[in-house]
Amino acid sequence: MATTASAGTPKRPRHGHPFIEISAGRYRADISAFGGGPRLLEYDGRPLLVDYPRGEFPPLNAGTMLAPWPNRVADGVFIHDGVVHRLEITEPGRSNAIHGFVDDRVWNFVEAGDDHVTLAIDVDPQPGWQWPMRFTVRWSVDADDGLRAAVTAENRGETACPFGFGFHPYLSAAGADVADCILSVDVEANLPLEPARNLPAGPMIPADAVVPGLSDGIATSGLWLDHCFNSPAADARARLIGPDGHGVELWADDHFRWFQIFTADPARREGFPRVGRAVAVEPMTCPPDALRSGRDLIRIDAGEKIELAMGLRAVTTSTS
């Protein structure tokens, strides 16, 4: 569920953005200041994420952090503690406010070592959002466990604020063509989204009614999705496995009970640059339009913090 920048979003730097390489064992990652997430993740030199060239901005939100809400807010309007808030419309074609404030901004590098790096970004009060906030993410790699993100969100305001968070990676099964891969995601239900604005439009239905067998694994050939799913499992997981049995596993802690799954596809005029088709599996703490519905919305009291965790690792399965 990627977006492009629109008028009114924070300005992008004119030239390349900085990144820091971290590594451990057979893992190597490039962490980008732009959007706060990984530009690249490799295991034994084979990609676990669909990457993009150094010096370029993350296409289709690749690897970016989504806060203080993920996904969409209808008309940019929500009510919190009885007060109406009007956010800037950043998806004008659908009249939505999308993905918060930090996915297209440059984060600050705080400190780094061979196997870790910490970035932070401050969000000042702005139209529709009265709460100053600080977001920090510590990316680390472990020779056994792969890439891990420890995220902290701090409310520096004087009143409690609503909060949601998401991550926007495009998975790669060791570089295999996505058409040859098997995708599995721990989900139970689908939240129907109407096609014009990608907003919730009806009660939950079984995930198998939309994508039969997604939890067990489905072929991605010909598959197109821009759908929201709910997971009942703590530490929910998603896997993309290539034909040789090598692939990637995405995990997220029990704050994350939602996944938006999006297929970038040139046939729909939104392919991933230089790649074409690619699949984003986006863990979210809340579903689309949660600032309005309140569904799984987190409340952070004044001066308080919340901590979240997620990560990616290489996996191998039997091909027999």
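No hydrogens, no waters, no symmetry mates; every other heavy atom, side chains included, goes into these values.
Between His116 and Glu111, the side chains place a donor N or O and an acceptor N or O closer than 3.5 Å (distance only, hydrogens not considered). A donor atom on one side chain and an acceptor atom on the other are not found under 3.5 Å apart for Glu270 and Thr263. Looking at Glu282 and Asn61, their side chains never bring a donor and an acceptor atom within 3.5 Å of each other. Checking Asp115 against Ser140 by side-chain atom types alone, no donor-acceptor pair falls below 3.5 Å.
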Next on the checklist: Using the rule given for ring pair (Phe, Tyr, Trp, His ring centres under 6.0 Å), can you reason through Phe19 versus Trp107, listing the C-alpha separation, both sets of side-chain angles and the distance that settles it, and then say yes or no?
Outcome noted: CA-CA 10 Å; Phe19 65 91; Trp107 293 51; over 10 Å; no
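At distances below 3.5 Å, not a single donor-acceptor pair connects side-chain atoms of Thr220 with backbone N or O atoms of Leu223.
Under the rule for a ring pair (Phe, Tyr, Trp, His ring centres under 6.0 Å), Phe256 has no partner lying at least two apart in sequence or in another chain. Every salt bridge (charged side-chain N to carboxylate O under 4.0 Å, His left out) that Asp44 has, sequence neighbours left out, goes to Arg26.
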Below 3.5 Å, can you tabulate the donor-acceptor pairs from side chains in residues 181-196 to any protein atom, sequence neighbours excluded?
from, atom 1, to, atom 2, distance (Å)
Asp186, OD2, Arg237, N, 3.1
Asn190, ND2, Cys228, O, 2.9
Glu194, OE1, Ala196, N, 2.9
Glu194, OE1, Arg197, N, 3.0
Glu194, OE2, Arg197, N, 3.2

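Dense packing is recorded around CZ of Arg134, with more than 12 heavy atoms of other residues, nucleotides or ligands lying under 6.0 Å away.
Residue pairs satisfying the side chain to side chain donor-acceptor pair (under 3.5 Å) criterion with at least one member in residues 285-303, sequence neighbours excluded, are listed as follows: Asp81-Arg299, Trp258-Asp296.
Here Ile79 is tied into one hydrophobic group with Val77, Val84, each link being a pair of ILVMFWY side chains closer than 4.5 Å. Counting Ile, Leu, Val, Met, Phe, Trp and Tyr side chains that sit under 4.5 Å apart, directly or through other members, Ile241 shares a hydrophobic cluster with Val315.
Between Arg94 and Asp75, no side-chain nitrogen of the basic residue sits less than 4.0 Å from a carboxylate oxygen of the acidic one, so the salt-bridge criterion is not met.
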